[in-house]
Amino acid sequence: MSSGNSSSASDSSVPPAERGPPPPPSDKQKEKARVSRTSMILWHAHQNDAAAVRKLLVEDPSLVHARDYDNRTPLHVASLHGWIDVAKCLIEFGADVNAQDRWKNTPLADAEGAKKHGMVELLKSHGGLSYGQSGSHFEPKPVPPPQPNKCDWEVDPTELDFSNSAIIGKGSFGEILKAHWRGTPVAVKRILPSLSDDRLVIQDFRHEVNLLVKLRHPNIVQFLGAVTDKKPLMLITEYLRGGDLHQYLKEKGALSPSTAINFALDIARGMTYLHNEPNVIIHRDLKPRNVLLVNTNADHLKVGDFGLSKIIKVQNSHDVYKMTGETGSYRYMAPEVFKHRKYDKKVDVFSFAMILYEMLEGEPPLANYEPYEAAKFVAEGHRPIFRAKGFTPELRELTDQCWAADMNRRPTFLDILKRLEKIKETLPADHHWSIFNA
């Protein structure tokens, strides 16, 4: 496989004139290298690693113009986060301060929207102009509610009782609390007061509300209402006593095949509903933390957290979408997302395979790798190794197909449901009782 490398090493003593030119890299190799470097510079810009950004630009100055599938440049990324040193480095290498992403936002518009005042000054000093949805030349106007007739789900915040509340989750935009609403325990996603005026945060919040209002399924966390008229903004869903699958697996370890299959069936039912055409909802962040257990008996699961989901109106079933690369959690991420390639709803099928693997193995996929390194390793074509006895040949085959590199080879969730039902029927009787034989 590495014959090209070994021959160049052994030829090093031969004078260059006698050696002949090395074979030119194939178009495929060039494209692979370019995609990898594009991903790297965007990642390092996101991580505020100015030294790594500089190193990449010294090797290939054209990377300063790298774009992801939303047409965002490394300078857009740095501007949104307020990473001054990264932005200075990019500008030094000739970054276009007025590059526009697919929403027509310039880096300055992003910096203004995120209230990164130091970045705003820096970009303006280099001729940055403010264009786009969050640009300062627009009159600030309130983001309209998701639906004009929202009175049936708008909740008066005084109805929420936080007197015995407990934090059950945290995110970059806020926290999730257990509270009471009209005497019923509920989960409340509360946006941090400091972000309640941030236009981009409000847009994301309203998007999630708009999505949840439409969802009705026994395997999808049920939306109950939202506070959109007053601050802090809050999103209210049913409270599930069993906690999340991540915590459950941490405590229980590997599940018996029958339990893993029952869990997988619940996830697949919820996802089949979400992927139903013509309005396909791609979850884009399917992972154990976003799968919730209805109760402590762990006999029923629901898919939750739609903060990163996208509704897509499908013209035909083979539509592929250009969407933001690197969306979601690295350990469960499909390779096409990591590589900033076009992708479709099959990214969720890949994530499902990783969850199925974790349920049967009792540890996260590629647990010995950091999440970003795990995603990179998977994008290079590697997959986790099957070790557990619970992986019957049928379950192995299904998992292999679900995490296939070619997304077109991955089955739909409807196919997965049918196959899991068949596998469940053929399980040996002792598997059904192994859960009681500690």
Side-chain angles (χ1 to χ4, degrees), residues 28-49 52-53 55-56 59-60 63 65-74 76-78 80-81 86 101-102 172 246 271 275 282-290 305 307-310 312 319-358 364-385 399-410:
K28 202 169 182 183
Q29 286 171 324
K30 283 183 194 164
E31 170 65 7
K32 194 174 173 186
R34 189 192 64 75
V35 166
S36 171
R37 289 197 312 272
T38 297
S39 185
M40 292 287 286
I41 195 162
L42 288 160
W43 164 250
H44 289 309
H46 180 270
Q47 291 297 100
N48 195 18
D49 192 339
V53 168
K55 185 172 180 292
L56 281 166
E59 291 166 7
D60 182 357
L63 286 174
H65 305 299
R67 301 260 183 170
D68 69 10
Y69 270 109
D70 280 330
N71 240 3
R72 293 174 64 72
T73 64
H76 278 97
V77 175
L80 185 66
H81 292 289
V86 173
D101 63 18
R102 75 171 167 126
S172 51
H246 168 79
M271 295 308 302
H275 284 189
I282 304 180
H283 191 290
R284 303 206 300 176
D285 197 18
L286 191 58
K287 60 182 177 182
R289 283 188 195 277
N290 289 340
D305 201 331
L308 292 173
S309 303
K310 292 285 181 214
I312 308 294
D319 277 4
V320 177
Y321 317 102
K322 285 188 177 183
M323 286 181 290
T324 326
E326 292 186 25
T327 292
S329 302
Y330 283 111
R331 194 172 299 284
Y332 305 90
M333 183 182 284
E336 60 271 23
V337 183
F338 182 79
K339 293 175 176 176
H340 300 268
R341 300 248 171 99
K342 292 180 181 179
Y343 63 84
D344 67 6
K345 62 186 179 183
K346 293 293 184 67
V347 298
D348 290 340
V349 174
F350 183 95
S351 302
F352 170 82
M354 291 301 215
I355 296 172
L356 183 56
Y357 175 89
E358 185 166 340
L366 304 169
N368 53 329
Y369 285 81
E370 287 298 310
Y372 178 78
E373 293 304 321
K376 191 164 176 279
F377 188 65
V378 162
E380 288 163 359
H382 306 284
R383 294 293 179 270
I385 296 162
T399 308
D400 269 334
Q401 287 176 8
C402 287
W403 67 30
D406 178 358
M407 61 187 179
N408 297 314
R409 281 189 50 228
R410 295 175 206 155

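Val77 and Ala45 make their closest contact through CG1-C, 3.9 Å (heavy atoms, listed as atom of the first residue, atom of the second, distance). Contact record, Ala379 with Pro335: CA-CB, 3.8 Å, taken as the closest heavy-atom pair. Residues Met333 and Val337 come closest through the heavy atom pair CG-CB, 3.9 Å. For Ala353 against Cys402, the heavy-atom pair with the smallest separation is CB-CB, 3.5 Å.
Here the straight-line distance linking atom CZ of Arg383 with atom CG of Leu366 works out to 9.5 Å at 0.5 Å rounding. Distance check, rounded to the nearest 0.5 Å: CE of Met407 to NZ of Lys345 gives 11.5 Å. From Ile41, atom CD1 reaches atom OG1 of Thr73 across 9.5 Å, with rounding to the nearest 0.5 Å. Atom NE2 of His283 sits about 5.0 Å away from atom CG of Asn290, to the nearest 0.5 Å. Note that CD of Glu358 and CE of Met354 are 10.0 Å apart. Values are rounded to the nearest 0.5 Å. In this structure, CD1 on Ile355 lies 12.0 Å from OG1 on Thr399, to the nearest 0.5 angstrom.
Take His44 and apply the ring-ring contact (aromatic ring centres under 6.0 Å, His included) test, not counting sequence neighbours, and it matches no residue. When the side-chain contact (heavy atoms from CB on, under 4.5 Å) test is applied to Glu373, the partners found at least two apart in sequence or on another chain are Tyr369, Glu370, Lys376. Residues passing the ring-ring contact (aromatic ring centres under 6.0 Å, His included) test with Phe352, sequence neighbours excluded: Phe413. By the ring-ring contact (aromatic ring centres under 6.0 Å, His included) test, His382 is found to be paired with Phe377, residues two or more places apart in sequence or in another chain being considered. Remark: Asp400 engages Trp403 in a side chain to side chain donor-acceptor pair (under 3.5 Å) (not counting sequence neighbours). By the side chain to side chain donor-acceptor pair (under 3.5 Å) test, His246 pairs with Arg289, sequence neighbours left out.
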Q. How far apart are the C-alpha atoms of Tyr372 and Phe338, what are their side-chain angles, what is the distance that settles it, and do they pass the ring pair (Phe, Tyr, Trp, His ring centres under 6.0 Å) test?
A. CA-CA 9 Å; Tyr372 178 78; Phe338 182 79; 5.3 Å; yes
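Residues Phe350 and Val378 meet the side-chain proximity criterion, which asks for heavy atoms closer than 4.5 Å. Thr38 is listed as a side-chain neighbour of Leu42, based on a closest heavy-atom distance under 4.5 Å. In this structure, the side chains of Met40 and Leu63 stay at 4.5 Å or more apart for every pair of heavy atoms. For the pair Arg72/Leu80, a side-chain contact is recorded, criterion being any heavy-atom separation below 4.5 Å from C-beta on. Between Tyr330 and Trp43, some side-chain heavy-atom pair lies under the 4.5 Å cut-off. Counting heavy atoms from C-beta on, the side chains of Asn48 and His81 never come closer than 4.5 Å. Using a 4.5 Å heavy-atom cutoff, the side chains of Pro365 and Arg331 are in contact.
Checking His275 against Asp348 by side-chain atom types alone, a donor-acceptor pair falls below 3.5 Å. Judged purely by distance below 3.5 Å, without hydrogens or angles, the side chains of Ser329 and Asp285 pair a donor atom with an acceptor atom.
The backbone N or O of Val349 lies less than 3.5 Å from no partner atom in the side chain of Arg410, so there is not a single donor-acceptor pair.
In this structure, Tyr332 has its ring center no closer than 6.0 Å to that of Tyr357.
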